[in-house]
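First comes the structure, then the notes that go with it.
When a ligand or atom number is given, it counts from 1 through the structure's own listing order. What you are looking at is a predicted structure, and each value in this text was computed from that prediction instead of being measured. Residue numbers count from 1 along this sequence.
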Amino acid sequence: MVMPTTPDPLSHYGRQVIDDADVAAVAEALRGEFLTTGPQVAAFEAEFAEAVGAKHAVACANGTAALHLALLALGVGEGDLCIVPSTTFLATANAVRYVGGEVLFADVDPASGLMTPYTLSVAIHRAGVKAVKAVLPVHLRGEVCELPALKALAQSAGGVLVEDAAHALGSTMTFNGAEPERVGDNAHSAATTFSLHPVKTITTGEGGVVTTGDAALAKRLRTLRSHGMTKPEGADPWVYEMAEPGFNYRLPDINCALGRSQLNKLPGFVDKRRTLAAAWRAALAPLAPAVTPAAAMDWSDAALHLMTVLIDFEGLGVSRAQVVERLAARGVASQVHYIPVHTQPYYRARYGEIDLPGARAWYDRCLSLPLHPGMSEADVARGAAALAEAIGA
Ligand SMILES: *Cc1c(COP(=O)(O)O)cnc(C)c1O
């Protein structure tokens with residue numbers, strides 16, 4: 001038998017929190033009639049939709065599949081132009097390539113790492129006369145992009161927004177004095193995608209969700225998630241039809257049972273993340289201006305996924321590699337989110353050299369410190385002390 005271990009909370013930049021209720025939920029699902037595509041899936045989808053204020057939620061295999069399904073269901077295809085911020089995980093851009101679309105990389109604000117109305121308008125200008133099919137803002141770290149302005153710009157270029165909210169489950173926002181909204185409610189977008197990977201806000205092991213306000217789109221997402229198979233009305237029981245090939249992107253009942261149990265804890269996880277982020281900000285304040293937390297957006301009440309700080313390595317006379325190594329020697333994990341995707345060999349070969357100074361400046365200075373609900377405020381103090389030593393403060 002493999003014995004469970006409890007690692008030091010600071011030894012991961014993010015990790016799952018699993019309790020006895022989660023274990024019991026999974027055990028119950030294992031003893032159930034279905035291991036996949038049973039009652040847990042629909043129940044999880046309904047509860048997830050409720051949690052984010054969406055009309056429809058479609059569960060799928062992972063966050064990458066969620067992006068792929070969203071673009072497929074929206075009809076993004078061969079040669080269609082999609083704008084993606086360069087500061088994101090590979091999957092946001094790769095999903096565009098899966099459907100044969102072309103990626104136009106937008107720059108980001110070097111203080112927040114987010115696509116902004118300015119960086120989007122520059123990207124749209126670069127598109128020239130070519131129509132833009134979709135714009136994929138990424139709510140990096142859980143901070144929310146300026147959605148109403150991004151939507152207006154996308155629309156004027158002929159496209160819709162698809163939000164990559166892999167980091168932003170539980171984040172809320174208030175635009176121009178309007179009612180507070182939840183990320184995933186699709187008030188500004190055609191669809192929003194989430195990841196349920198263990199580092200994310202809640203987990204199903206692997207898992208993803210697409211939310212949408214459009215019933216026809218939700219139906220299409222469900223069809224494409226399971227091979228593109230449909231049942232014609234009134235047909236014999238064995239009959240199925242396929243109008244276009246889909247994928248096996250289903251999320252099993254076992255995972256959905258875990259998802260339901262994790263969703264019960266979402267408000268607590270979000271509170272804890274907010275408390276820990278505030279503790280990090282207070283603990284790091286003495287290190288300013290050499291170390292500053294990445295910018296928070298006025299309209300966003302983020303359920304922070306990442307505690308990213310911007311460090312003036314040059315001014316401090318230390319390299320990031322040295323800081324990462326010294327933190328590791330003190331038992332503190334750190335990670336870089338992200339290497340600009342447009343600099344990856346594949347995209348360089350496809351689109352040539354592009355200069356995105358915001359994404360470069362962000363990449364030069366960013367470092368993500370541990371942040372997950374398994375941590376305590378004492379862990380934050382320990383992490384901040386380790387960082388002070390690591391930068392020689
Ligand atoms: C995690 C992540 C994804 C992909 O999610 P998976 O569940 O790992 O496939 C996509 N976009 C962003 C920004 C992510 O952080």
## Note on the structure
Ranked by distance from atom 9 (O) of ligand 1, the top protein heavy atom is T64 OG1, 2.6 Å
### Task
Please answer whether the main-chain N or O of V144 pairs with a side-chain N or O of S300 as donor and acceptor at a distance below 3.5 Å.
yes
### Task
State plainly whether the residues R360 and D355 are in salt-bridge range, i.e. N to O under 4.0 Å.
yes
### V336 side chain reached by L367 side chain, heavy atoms, under 4.5 Å
yes
#### Entry: Closest approach of any protein heavy atom to atom 8 (O) of ligand 1, naming residue and atom
S195 OG, 4.0 Å
### Task
Report whether L263 and I254 are members of the same hydrophobic cluster (ILVMFWY, side-chain heavy atoms less than 4.5 Å apart, transitive linking).
no
### Query
Purely on distance, is any nitrogen or oxygen of H167 under 3.5 Å from one on ligand 1?
yes
### Query
Backbone or side chain, does any N or O of G63 fall under 3.5 Å from an N or O of ligand 1?
yes
### Query
Looking at side-chain heavy atoms only, is the closest gap between L35 and P252 below 4.5 Å?
no
### Task
Could you establish whether K200 and ligand 1 come within less than 4.0 Å of each other, counting only heavy atoms on the residue side?
yes
#### Entry: Part of T88 within contact of ligand 1 (heavy atoms, under 4.0 Å)
side chain
### Query
What part of D164, side chain from CB on, backbone N/CA/C/O, both or neither, has a heavy atom under 4.0 Å from ligand 1?
side chain
### Message
Before we go on, tell me: are the rings of H188 and F175 under 6.0 Å apart, centre to centre?
### Response
yes
### Query
Heavy-atom contact under 4.0 Å between Y338 and ligand 1?
yes
